[in-house]
Structure formats: structure tokens, C-alpha cells
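Contents: one structure, followed by commentary.
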Amino acid sequence: MRRPAPPGRRLQEDLSSPYRRAVETAEILARTLKLSYAIADWLAPDSGVGLEDLEKFGVDDGVILVGHNPWMEETIIELVGGALELKAGGFAVVSVIAFRPGGGNLLSLVNPGVVNVCKGGGRA
């Protein structure tokens with residue numbers, strides 16, 4: 001059984017849904033952050049994967065997940081135990097303590113407008 005890494009651990013891997021837009025995002029992240037990335041069919045919409053399944057898939061605190069709403073948003077809400085809105089094109093950074101409801105801490109929630117500004121695009 002893999003245990004979540006302590007906060008501050010360096011990112012190790014990028015896992016992506018097999019859908020085209022997610023793969024494109026994963027490729028950009030992998031190239032920018034100098035990570036490997038892999039396709040994870042269980043990140044596809046309607047895969048039926050829940051929060052309790054993440055540990056069995058080897059997800060830990062050093063892994064980026066690139067997926068789709070509403071699953072991503074619902075999983076983050078369950079993990080951090082609070083309300084939030086994860087917009088398409090945005091991302092959240094969560095420190096995982098345990099794969100259970102309330103077992104994570106939301107470190108950052110970034111909306112697509114901020115992402116666009118960071119890429120040199122329009123206003124946030």
C-alpha cells in the first residue's frame with residue numbers, strides 16, 4: 001500500500017484521461033514540469049471511479065490528475081470536505097493526507113482566466 005507523501009514532495013507523474021483535450025493538457029504539463037505522463041482509462045468521464053479507488057490506482061501526493069468535470073470537482077469536494085467550483089480549464093492543488101472524505105487540504109484553486117494570464121493571454 002502506497003502512503004501519501006508528506007506536503008512539499010516533488011511532483012513525480014502526470015496521469016491523464018484518454019480524451020484528446022485532457023491528453024493535450026497532460027502533454028503540456030509534462031513538458032513544462034519535466035514529468036512523465038501516462039494515459040489512465042479510469043480518468044475518462046463516467047468510468048465509475050470514486051475517491052476510495054484512487055489509492056488502489058497508485059495515486060499519491062506527487063501525482064497530477066488531468067480529467068473532467070463533474071468527476072474532478074466532485075472528487076476534490078469530497079476529499080477536502082468543502083464547497084468549491086472547479087471551472088473547465090482550471091485546476092486545484094490538493095495535499096492528500098488520506099483517501100477518505102475530508103482527507104485532503106486544498107492548497108490552491110486556479111480558474112481558467114488566471115491560467116490564460118499566466119500563458120500571456122487576456123485578463124483574469
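Every heavy atom of this structure was used, including side-chain atoms; hydrogens, water molecules and symmetry mates were not.
Considering only heavy atoms from C-beta on, Pro45 comes within 4.5 Å of Tyr19 through its side chain. Within the 4.5 Å cutoff, the side chain of Ile76 has heavy atoms near those of the Leu84 side chain. Taking the side chain as every heavy atom from C-beta outward, Val110 and Val93 never approach each other to under 4.5 Å. The shortest distance between side-chain heavy atoms of Leu54 and Thr75 falls below 4.5 Å. Put simply, the side chain of Leu35 does not reach to within 4.5 Å of the side chain of Leu29, judged on heavy atoms. Considering only heavy atoms from C-beta on, Val66 stays 4.5 Å or farther from Leu15 through its side chain.
Taking both residues in full, the closest heavy atoms of Leu65 and Trp71 are given as CD1-CH2, 4.5 Å, listed atom of the first, atom of the second, then distance.
Listed for the Ser17 side chain is no donor-acceptor partner under 3.5 Å among the backbone atoms of Gly67. Glu73 places a side-chain N or O within donor-acceptor distance of the main-chain N or O of Leu86, the cut-off being under 3.5 Å.
To the nearest 0.5 angstrom, His68 atom NE2 is 10.0 Å from Asp46 atom CG. Between the CZ atom of Arg100 and the CD atom of Glu52 there is a distance of 14.0 Å, given to the nearest 0.5 Å. To the nearest 0.5 angstrom, Leu33 atom CG is 5.0 Å from Ile64 atom CD1. Distance CG/Asn69 to CD/Glu85: 9.0 Å, rounded to 0.5 Å. Note: Ile77 CD1 to Leu51 CG = 12.0 Å, rounded to the nearest 0.5 Å. Going from atom CG of Asp14 over to atom OG of Ser36 covers 8.0 Å, rounded to the nearest 0.5 Å.
Residue pairs satisfying the salt bridge (Lys or Arg N to Asp or Glu O under 4.0 Å) criterion with at least one member in residues 15-27, sequence neighbours excluded, are listed as follows: Arg20-Glu24, Arg21-Glu24.
When hydrophobic side chains of Ile, Leu, Val, Met, Phe, Trp and Tyr are connected at separations under 4.5 Å, Tyr37 ends up clustered with Val23, Ile39.
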